[in-house]
Structure formats: structure tokens, C-alpha cells
Amino acid sequence: MSTSVPESHESDEEVLGAVAPHSSATKTPPWQRKSTLILLAILAALAVFGTTTQTWIHVAIAPGEVAQTDLDIPGSKAAVAVSALALVALAGALATTIAGKVARIVASCIVLLGAVGIIAVALRVLANPAAAAMSEVGAATGIIGQNSDATTTIFPVLAALAAAVLALTALAVLWFGRAWTVRTKYDAATTASGANAGEPVDEIDRWDQLSRGEDPTV
């Protein structure tokens with residue numbers, strides 16, 4: 001006596017489709033992610049500040065009444081505003097990590113303005129290094145208006161480039177940040193409470209629910 005096996009009318013693709021969940025969520029590109037943009041802004045601000053610790057201007061003092069060796073002027077003295085603006089931009093970038101929608105816009109604008117200011121100061125030093133070094137030359141020689149041959153190094157250029165990256169990042173935060181959500185501690189607790197709704201509640205969970213104003217007996 002033979003037993004017939006019913007044929008299956010379902011294809012392999014249909015079976016696999018029933019087993020594997022289908023996800024319609026789109027993956028956010030890396031350049032739009034909050035973590036990527038904030039990290040890039042922080043690194044750019046730190047890079048700008050790092051350049052100010054290096055020599056921006058090399059000054060060759062002309063022979064005169066005072067014997068003086070050549071000067072190497074760091075960016076923190078040749079362009080004091082750059083150091084301050086870099087710290088402001090760094091603080092603004094850090095603030096965007098926890099700021100709400102409106103505060104994030106304000107912080108991003110501060111970062112953008114700081115970056116623009118850094119570029120302006122760096123370009124001014126590149127355009128006229130002798131004027132930027134005048135106060136330091138006068139302090140070193142004791143003579144105001146001492147003749148000197150001032151030349152810039154690569155670090156003002158690097159500061160301007162890092163500030164340009166900082167400005168573009170701030171613009172990206174302003175544009176893509178509109179879709180970012182702000183997660184708070186209360187939101188995380190509420191989500192965890194909802195996810196564990198079907199699980200037994202211990203004494204610690206009851207205290208957590210009471211602290212949130214919920215009734216653990218419900």
C-alpha cells in the first residue's frame with residue numbers, strides 16, 4: 001500500500017520570506033548621523049586649538065640698536081582670538097549632544113560663527129604677518145615699530161582648513177539635525193517599562209515605577 005505525499009505549492013522564496021522578518025526602515029547615512037557630525041565638530045575644534053600651540057609666525061629681527069635673536073611666535077600670541085573662538089566652538093559642539101531642538105540650533109549657530117571668525121583671523125595673519133607680530137616684536141626688543149621680516153608657517157593655513165571643516169559640520173548639524181530625536185532618562189525608563197510589561201516585577205521595579213508616578217499594582 002503506497003502513501004502519497006502532498007506536494008507543496010509554496011516556493012522556497014515564500015518560505016524564507018515568512019521566516020526572515022522584512023525591515024522597511026532606511027539606514028541613516030554616516031554623514032547624517034548625530035554621533036558622526038558631533039565627533040567631527042569636536043575634532044575640528046580641537047585641531048584648531050592645537051594649531052595655536054605651534055609657531056604661526058617666524059620673525060627675523062633686522063640689525064639695529066638692540067641685539068635680538070629671531071622670534072618664533074605661536075598662534076596663541078599671534079592670534080589670541082583663534083584660541084578663544086576654538087574653545088567656544090568646542091563648547092558649542094559638546095552642547096549639541098544634549099541640547100533640544102531649539103538649543104541645538106543656537107549652539108550650531110555659535111559653532112558656525114566661531115568657525116567663520118577663526119577663518120577671518122587666520123587669513124588676516126596670512127595676509128599681514130608683520131602686523132600680527134608687531135606687539136610681540138615690540139615686547140621682545142623694547143622698541144615699537146622695530147624693523148623685522150615676518151613670515152608665516154603652515155599652521156595658520158591648517159587652522160583655516162580645520163575651521164572650514166568645522167563650519168561645514170555646523171551647517172550639516174543645522175540641516176540634518178531637524179530629524180534628530182532627543183532621548184531623555186525618563187524616555188528610556190518608559191521604554192524599558194513598556195518592553196518588560198509582561199515580565200514579573202520585583203521590588204526594585206516597583207520602586208522605579210512609584211518614582212515615575214506609576215501604580216505597580218496595575
Side-chain angles (χ1 to χ4, degrees), residues 28-60 70-140 144-146 148-180:
T28 305
W31 61 85
Q32 297 183 16
R33 295 176 187 171
K34 181 178 180 180
S35 58
T36 302
L37 292 176
I38 298 302
L39 179 60
L40 184 59
I42 292 174
L43 292 177
L46 289 175
V48 172
F49 186 81
T51 62
T52 61
T53 63
Q54 304 301 315
T55 300
W56 275 36
I57 302 175
H58 176 76
V59 181
D70 295 350
L71 294 177
D72 288 328
I73 304 175
S76 57
K77 294 183 178 180
V80 180
V82 171
S83 300
L85 290 173
L87 291 177
V88 170
L90 178 61
L94 292 174
T96 56
T97 59
I98 58 174
K101 184 176 181 180
V102 176
R104 183 168 56 240
I105 294 175
V106 174
S108 299
C109 290
I110 292 175
V111 174
L112 178 60
L113 292 176
V116 173
I118 292 170
I119 295 174
V121 175
L123 292 179
R124 186 173 61 189
V125 172
L126 290 170
N128 193 354
M134 185 177 297
S135 61
E136 290 298 317
V137 172
I144 303 299
Q146 173 76 15
S148 61
D149 181 16
T151 56
T152 58
T153 64
I154 190 62
F155 290 103
V157 178
L158 295 179
L161 292 177
V165 173
L166 184 62
L168 292 176
T169 305
L171 290 175
V173 172
L174 286 172
W175 181 258
F176 298 117
R178 299 175 300 172
W180 295 348

Could you grab the distance from atom CD1 of Ile110 to atom CD1 of Ile105, nearest 0.5 Å is fine?
12.5 Å

Measuring from atom CG of Leu168 to atom CG of Leu37, what distance do you get when rounded to the nearest 0.5 angstrom?
11.0 Å

State, to 0.1 Å, how close Ala93 and Ala41 come at their nearest heavy-atom pair, and which atoms those are.
CB-CB, 3.9 Å

Can you give me the closest heavy-atom contact between Leu71 and Glu136, atom names plus distance?
CD1-O, 4.0 Å

Which pair of non-hydrogen atoms, one from Ala163 and one from Ile118, has the smallest distance, and what is that distance?
CB-CG2, 3.6 Å

Under the side chain to side chain donor-acceptor pair (under 3.5 Å) test, which residues partner Thr52, sequence neighbours left out?
Ser83

If you measure from CG on Leu46 to CG on Leu90, what distance do you get to the nearest 0.5 Å?
5.0 Å

Which heavy atom in Ala150 sits nearest to a heavy atom in Val59, and how many Å separate them?
CB-CG2, 4.1 Å

Looking at OG1 of Thr96 and CD1 of Ile38, how far apart are the two atoms once the value is rounded to the nearest 0.5 Å?
2.5 Å

Please find the pair of heavy atoms, one from Ser76 and one from Val80, that lie closest to each other, and give the distance.
O-CG2, 3.3 Å

Separation between SG (Cys109) and CZ (Arg104), nearest 0.5 Å, reads 12.0 Å

The reported gap from CG in Leu166 to CD1 in Ile42 (rounded to nearest 0.5 angstrom) is 10.5 Å

Identify the two heavy atoms, one from Gly92 and one from Ala107, that lie closest to each other, and give their separation to 0.1 Å.
O-CB, 3.7 Å

Using a 3.5 Å cut-off and no angle test, enumerate the donor-acceptor pairs between side-chain atoms of residues 152-161 and protein atoms at least two apart in sequence or in another chain.
from   : atom 1 : to     : atom 2 : distance (Å)
Thr153 : OG1    : Thr55  : O      : 2.4
Thr153 : OG1    : Trp56  : O      : 3.4
Thr153 : OG1    : Phe155 : N      : 3.4

